[in-house]
Amino acid sequence: MPARPGRGGKPGARPQRECPPGPSGLPERRGAAPAPERLPSLQRNALCKFFERPDFTPADVVALGHGRLLKINGIGPKGIQVIVLWLRHHGLCLDVADGARAMRQVQRVERAIRLLERHGYEVKKKAAPAGSVP
């Protein structure tokens, strides 16, 4: 049986295909999802439920920030990646570094509160300043 061209010239290996060029003209990575014009239904439904309305703009999503997006029920790290691609398609950028930093700070404060409560302290929320509307 003659050797077929493929990866490394191994007999029986599949021939390699060129990935189609992406929007930048460079070939896209194999398995990489293209930037969606519309959000997939999982992320769209989670955001619709959060905003409590069926229509929202990419600017609305960017205004939430990375940390807030991670707290939305139904959106995890993979969902954030999809949303970031969608926002880039619309010419917007979500600052992931600030969101990660904010999440670490929130986790540290929550850990400190649990430590204080474990040792018998009662942690109360800060009272609203006089004259503010709750």
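Along the sequence shown, the residues carry numbers beginning at 1.
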### Message
Let me confirm one number: the CD-CD distance from Q81 to Q43, rounded to the nearest 0.5 Å.
### Response
10.5 Å
#### Entry: Minimum side-chain heavy-atom gap I75-L70 below 4.5 Å
no
### Task
Give the intermediate values and the outcome of side-chain contact (heavy atoms from CB on, under 4.5 Å) for residues V82 and L42.
CA-CA 10 Å; V82 171; L42 183 67; over 6 Å; no
### Query
With sequence neighbours left out, what residues match F56 under ring pair (Phe, Tyr, Trp, His ring centres under 6.0 Å)?
F51
### Query
By the rule that ILVMFWY residues connect when side-chain heavy atoms come within less than 4.5 angstrom, directly or transitively, which residues belong alongside L115?
none
### Summary
d(H90 NE2, L85 CG) to nearest 0.5 Å is 11.5 Å
### Query
Who passes side chain to side chain contact (heavy atoms under 4.5 Å, CB included) against K49, sequence neighbours left out?
none
### Query
Is any side-chain heavy atom of L64 closer than 4.5 Å to a side-chain heavy atom of F50?
yes
### Message
A side-chain contact here means heavy atoms from C-beta on lying under 4.5 Å apart; do L69 and L47 qualify?
### Response
yes
### Task
Check the pair V84, I80 against side-chain contact (heavy atoms from CB on, under 4.5 Å), reporting the backbone distance first and the verdict last.
CA-CA 6 Å; V84 165; I80 293 289; 4.1 Å; yes
### Query
Is any side-chain heavy atom of C48 less than 4.5 Å from a side-chain heavy atom of R44?
yes
#### Entry: Where at least one partner belongs to residues 109-121, residue pairs that pass side chain to side chain donor-acceptor pair (under 3.5 Å), sequence neighbours excluded
none
#### Entry: Gap separating the NE2 atom of H66 from the CD1 atom of I83, nearest 0.5 angstrom
9.5 Å
#### Entry: Of all pairs that satisfy salt bridge (charged side-chain N to carboxylate O under 4.0 Å, His left out), the ones with a partner from residues 50-70, not counting sequence neighbours
R53-D60
### Task
Not counting sequence neighbours, which residues clear side chain to side chain contact (heavy atoms under 4.5 Å, CB included) with L92? List them please.
P58, V62, L87
